[in-house]
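Heads up: the structure comes next, in structure tokens.
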Amino acid sequence: GAVVSQHPSWVICKSGTSVKIECRSLDFQATTMFWYRQFPKQSLMLMATSNEGSKATYEQGVEKDKFLINHASLTLSTLTVTSAHPEDSSFYICSARVTRYSNQPQHFGDGTRLSIL
Amino acid sequence: GQQLNQSPQSMFIQEGEDVSMNCTSSSIFNTWLWYKQDPGEGPVLLIALYKAGELTSNGRLTAQFGITRKDSFLNISASIPSDVGIYFCAGQNSGGSNYKLTFGKGTLLTVNP
């Protein structure tokens with residue numbers, strides 16, 4: 001149980017393009033989802049937290065107009081990197097947890113490798 | 001903000017050896033989690049610890065939640081080549097809607113057959 005699917009797993013696009021990444025909880029409802037960014041040989045850096053039915057909460061230094069997050073339903077969250085540039089190239093990972101008010105752990109998707117040319 | 005110190009940063013061991021890694025924090029966590037990440041993939045949950053002093057096993061893996069709530073360790077017994085990867089500790093505090101994870105910097109494990 002607790003499977004999180006992320007799509008696409010890999011994308012290459014030209015500078016200036018907007019890229020959408022999907023995160024789905026396959027066998028549970030996720031009231032809270034998280035988006036992380038990971039640079040090579042580094043730990044995960046939290047970008048934002050989204051709760052279904054409300055706006056995402058962005059971490060300090062993360063541009064909300066650059067990284068649009070929509071928690072569309074209890075099983076789907078999307079991250080759109082708008083007008084992507086080479087410095088946005090990174091490994092983006094989502095996670096989901098089951099309920100809003102318990103200690104249930106986060107379960108992660110397999111990540112999306114984004115390369116901007 | 002909260003910081004986790006994870007050590008060692010990397011380990012090179014022979015197949016069959018036991019491995020130990022730990023995390024310490026400057027502040028208290030209610031939950032400690034251990035994840036493993038393979039190259040190009042997302043982290044996979046290995047063990048979750050919810051109570052101070054708790055000792056939990058998952059196959060060859062054993063983890064403990066320190067009684068001070070500021071530390072945790074993970075042991076791997078009789079290592080095998082597929083144990084290779086990056087191991088991350090993570091601390092979590094509950095309260096309201098704040099369930100963010102604070103991650104350690106990871107331990108890169110290499111197992112020589």
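Every chain is numbered from 1 and lettered A, B, ... according to where its sequence line falls, protein lines coming before strand lines.
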| query | For A:F39, what are the other residues in its hydrophobic cluster, where any two members join if their side-chain heavy atoms are less than 4.5 angstrom apart? | reply | none
| Relative to chain B, which segment of A:Q6 carries a heavy atom at a distance below 4.5 Å: side chain, backbone, both, or neither? | neither
| remark: dist A:L44:CG -> B:T102:OG1 (nearest 0.5 Å) comes out at 12.0 Å
| Where on A:Q106 is there a heavy atom nearer than 4.5 Å to chain B: the side chain, the backbone, both, or neither? | both
| request: Could you grab the distance from atom CD1 of B:I86 to atom CD of A:Q38, nearest 0.5 Å is fine? | output: 6.5 Å
| query | Is A:M33 reachable from A:L114 through a run of I, L, V, M, F, W or Y residues, each pair having side-chain heavy atoms under 4.5 Å apart? | reply | no
| said: Taking B:F88 as the starting point, is it possible to reach B:F73 by hopping between hydrophobic residues whose side chains are less than 4.5 Å apart? | reply: no
| said: Hydrophobic clustering (ILVMFWY, side-chain heavy atoms < 4.5 Å, transitive) - are B:I13 and B:Y87 grouped together? | reply: yes
| field | Sub-4.5 Å side-chain heavy-atom contact between A:F34 and B:L101 | value | no
| field | Single-linkage hydrophobic cluster A:V11~A:Y92, side-chain heavy atoms < 4.5 angstrom | value | yes
| field | Shared hydrophobic cluster, A:F67 / A:Y36 (ILVMFWY, side-chain heavy atoms < 4.5 Å) | value | no
| query | Where on A:L46 is there a heavy atom nearer than 4.5 Å to chain B: the side chain, the backbone, both, or neither? | reply | side chain
| task | Name, in order of residue number, those residues of residues 34-65 of chain B that have a heavy atom at a distance of less than 4.5 Å from a heavy atom in chain A; otherwise write 'none'. | result | B:Y35, B:Q37, B:G40, B:E41, B:G42, B:P43, B:L45, B:Y50
| note | Within residues 103-113 of chain B, contacts to chain A at heavy-atom distances under 4.5 Å involve B:F103, B:G104, B:K105
| field | Within 6.0 angstrom of A:E59 CD, more than 12 heavy atoms from elsewhere | value | yes
| request: Verify the neighbour count for atom NZ of A:K66: are there more than 12 heavy atoms of other residues, nucleotides or ligands below 6.0 Å? | output: yes
| request: Report, as yes or no, whether the 6.0 Å neighbourhood of atom CD1 on A:I12 holds more than 12 heavy atoms from other residues, nucleotides or ligands. | output: yes
| message | Under the rule for side chain to side chain donor-acceptor pair (under 3.5 Å), what residues qualify as partners of B:E17, not counting sequence neighbours? | response | none
